[in-house]
Number of protein chains: 4
Amino acid sequence: MTATNPIKDAVTQARQRQILEAAVTVFAEKGYHRATIKDIARTAGVADGTIYNYFKNKQDVMLNIVQQMAEVDQLMENVEQAVQILTPAQLLGMVFQNRLRMLKKNLPLTRAIFPQIITDPELNQIFFETILQPNFDKGVQVFQAYADRHQLGDTDPEIVVHGLFSVIFGTIMLAMLGDTVILNRSEAFGEQMTAIFLHGLHLDQTERDQ
Amino acid sequence: MTATNPIKDAVTQARQRQILEAAVTVFAEKGYHRATIKDIARTAGVADGTIYNYFKNKQDVMLNIVQQMAEVDQLMENVEQAVQILTPAQLLGMVFQNRLRMLKKNLPLTRAIFPQIITDPELNQIFFETILQPNFDKGVQVFQAYADRHQLGDTDPEIVVHGLFSVIFGTIMLAMLGDTVILNRSEAFGEQMTAIFLHGLHLDQTERDQ
Amino acid sequence: MTATNPIKDAVTQARQRQILEAAVTVFAEKGYHRATIKDIARTAGVADGTIYNYFKNKQDVMLNIVQQMAEVDQLMENVEQAVQILTPAQLLGMVFQNRLRMLKKNLPLTRAIFPQIITDPELNQIFFETILQPNFDKGVQVFQAYADRHQLGDTDPEIVVHGLFSVIFGTIMLAMLGDTVILNRSEAFGEQMTAIFLHGLHLDQTERDQ
Amino acid sequence: MTATNPIKDAVTQARQRQILEAAVTVFAEKGYHRATIKDIARTAGVADGTIYNYFKNKQDVMLNIVQQMAEVDQLMENVEQAVQILTPAQLLGMVFQNRLRMLKKNLPLTRAIFPQIITDPELNQIFFETILQPNFDKGVQVFQAYADRHQLGDTDPEIVVHGLFSVIFGTIMLAMLGDTVILNRSEAFGEQMTAIFLHGLHLDQTERDQ
DNA sequence: TATGAATGAGATTTCATTCAT
DNA sequence: CATGAATGAAATCTCATTCAT
């Protein structure tokens, strides 16, 4: 009876994607509040009511977008092995560049999503638990791994990681606030921030020592 | 006729303040969208319509709150002389600690304001022009002053300043996103970020050199 | 400040009445569900939103109609003295005739209200507490008074009262169900039911005895 | 072609019953309006659309429930011979007790059905013609039979019957309105109402006379 | 016949803004 | 200027019903 019908499941997923893509488009264009269900429906080429066959309500559409982001992020974040291969310089550089590239591509959507995540407690919780916290945890792991190999002095891994993430989210924030400098000079920005943190954390010297 | 009547002006300003204070309270409590004009009016002890004698519309109330923030910020930011007196370490430390203290006090209001600034183009522009850009400019000045006295190597003032600000706004962002680590360990965070940046920018060594 | 302004209060009450009257008209015509807020607003000559300045929601409009019924009923039900003056025959006769007359006048509204009272728990409770229970209580008092003066045998006041009320509400029910016999022959019905109950309760004989 | 295929008919009837039973369950639980076709379909274990192969629409489902009630009632109401066997006291007592028992069992369903019968003209008509009127007719027959054998004075059979039915429907109504007295003391209620009516109609005395 | 996804009309409700007093 | 009742546009969401598979 309730045996998973693969064909139907595929259709359902396709329809979900179709609606979510439309939602992403519309949210990016108008922001969460000015985007209406009608807009999304029209963009997706379905009737208003159809959306409610796939999502509980408008908030739930946004929530699914956020969760999707989390999944995409997950895939990219099996960086755990990277620690073994990459030097801190390479890793930091990669992370910064990576984020800056993402940001450039998705600024309008980012502008629509973050205000909502900040404003809506449920969204906030989902975002925190599925994206933020796991990344913090990985960050601490990575940093700890470096700390074990080099001498990082008395810097506290947790604080350093939150400091690094504050640079990343600060970049996002500044971009959302209309600051174009970082985006226009993203390569230089990435390189110099990498350099500052490496030297600031004595990771360049110790590197040389090894 | 429309000659500026100082008494009326004072009354008008007082009433404006009264409404803005109420708005700040209500926005902080409910966020921009869930806060109604009725809420603000009741909190301010005036009638709904009265608000429209002092502000064009709801958005304009928020806009005035942002502009007020700019003024408050201005006062505090005659740090220009500070460069003469304070070492980079002192200055950086002060700025970080200062911002973290502000953030702790005003998190709910911050949560209400930033989503709106990000979402609303007009608000965004005002914020950028009256707060962000001036602060960038000052930052570059300050950093330039240090650069003239010490050797900062090949670091680009503009990028470093945007980097520093990204830490500040990233902290705000993380706090709004529900990350409590930074707030709970704000002193350690401030100290370590100061240390990282000082060393990262070779400002500690050069200091000693002088 | 919040001192009751009699003029405003009067206007408010008038507007409330205006809306309630419109609601009564529309509910009577279409029933609760098919009556829309728009219908009521148009009939009352106000905008849709205005209704929400006076009532929390559609259900609340109905609730106020029921409560108004309770008040009207109250006024009429200072029958307590009646016991002193009227014989049981006169009292029973009056009650039956009275109810039948009311019913004839208000059948369409009755048809709209009772289904809702039965269906909606909140409405049900209000109706029960403000109308039904008080009437039961009065009924028992009255019946007790008669019992004290005459010999009623072993009949239980509570049961007799609920029995009498079941005749009244049964009449309402039959009328709502489309039975026109009772309404068409209401006088004969009232008289005969009075006679049956009087004799059935031995109230006619004891009367003669006195 | 459209010749009645007995097998198909049986299957069809079974499916109908299955859906109607589900509908009864759901209506009893949620009431007519809050019960959705989806609810009924799920409860019946069929698809939404299937319901429309057996019933014209949602209203028609309810209509069939009412008609089914009529059939059930019919079976029970071959009381015609009963008149020959039972004394008026026994008959009245049986009817009252019977109805009270039914009521106790089916209060939730009753609560769902009657509001709809009252509200919906088509349902109303069906109910009246298939249930109410036939019962009135039978009642008059029965009462006439007793009248022929005893002296009932000047009481009009039609009025007395409607009076008796008003007690029955009044009991239903009071129960739906939340009055629990009758249900809690149903036996005493039945007995006393029987006694009142018997004596009120001089049926007890005449009985003894015979 | 069975399915159940798609439909879209329609209803409730909110709330920024206006304006007569 | 202050008031606050009235406005009505606009948005979300529900759900009976249809129809292609």
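Below, read A as the first sequence line, B as the second, and so on, with proteins coming before strands; counting in each chain starts at 1. Keep in mind that what you see is a predicted model, and the values were worked out from it rather than measured. Just so you know, these numbers use all the heavy atoms, side chains as well, and skip hydrogens, waters and symmetry mates.
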S.K.: When we call it a touch if two heavy atoms are under 4.0 Å apart, what does R15(B) touch: a base, just sugar-phosphate, or nothing?
M.R.: sugar-phosphate
S.K.: Can you work out whether V46(D) or V46(A) has the more 5'-proximal nearest nucleotide on DNA chain E?
M.R.: V46(D)
S.K.: Tell me whether the OP1 or OP2 atom of dC1(F) has a side-chain N or O from T12(B) closer than 4.0 Å.
M.R.: yes
S.K.: If every non-hydrogen atom of D39(D) is compared with every non-hydrogen atom of R34(D), which pair is closest and at what distance?
M.R.: OD2-O, 3.8 Å
S.K.: Just call it for V11(C): base, sugar-phosphate, or nothing, with non-hydrogen atoms closer than 4.0 Å on any strand.
M.R.: nothing
S.K.: Between C1' on dT12(E) and CG on D60(C), what's the gap in Å once rounded to a whole number?
M.R.: 14 Å
S.K.: Given side chains that start at C-beta, do those of H33(D) and Q116(D) come closer than 4.5 Å, heavy atoms only?
M.R.: yes
S.K.: Does R111(B) reach the side chain of T119(A), with side-chain heavy atoms less than 4.5 Å apart?
M.R.: no
S.K.: Nearest of dC1(F), dT7(E), dA6(E) to any side-chain atom of A47(A)?
M.R.: dT7(E)
S.K.: How does protein contact run along nucleotides 12-21 of chain F, one letter per nucleotide 5' to 3', with B for base contact, S for sugar-phosphate only, - for none, heavy atoms under 4.0 Å?
M.R.: SBBSSBB---
S.K.: Please report, rounded to the nearest Å, how far the P atom of dA5(E) is from the CD1 atom of I19(A).
M.R.: 12 Å
S.K.: Extract the stems that DNA chain F is part of, considering only consecutive pairing runs of at least three Watson-Crick or G-U wobble pairs, both distances under 3.5 Å.
M.R.: E:2-21 with F:2-21
S.K.: Test ring pair (Phe, Tyr, Trp, His ring centres under 6.0 Å) on F114(D) and Y32(D) and set out the steps.
M.R.: CA-CA 10 Å; F114(D) 275 110; Y32(D) 181 78; over 10 Å; no
S.K.: Whole angstroms only, please: what is the CD1-P distance between I51(C) and dT13(E)?
M.R.: 11 Å
S.K.: What is the nucleic acid contact for F55(D), judged by heavy atoms within less than 4.0 Å: base, sugar-phosphate only, or nothing?
M.R.: nothing
S.K.: Looking only at non-hydrogen atoms, find the nearest pair between V26(C) and T43(C) and report the distance.
M.R.: CG2-OG1, 3.3 Å
S.K.: Return the minimal non-hydrogen interatomic distance between F27(B) and A112(B), and the atom names on each side.
M.R.: O-CB, 3.3 Å
S.K.: Which atom pair, heavy atoms only, marks the closest approach of A22(A) to I40(A)?
M.R.: CB-O, 3.6 Å
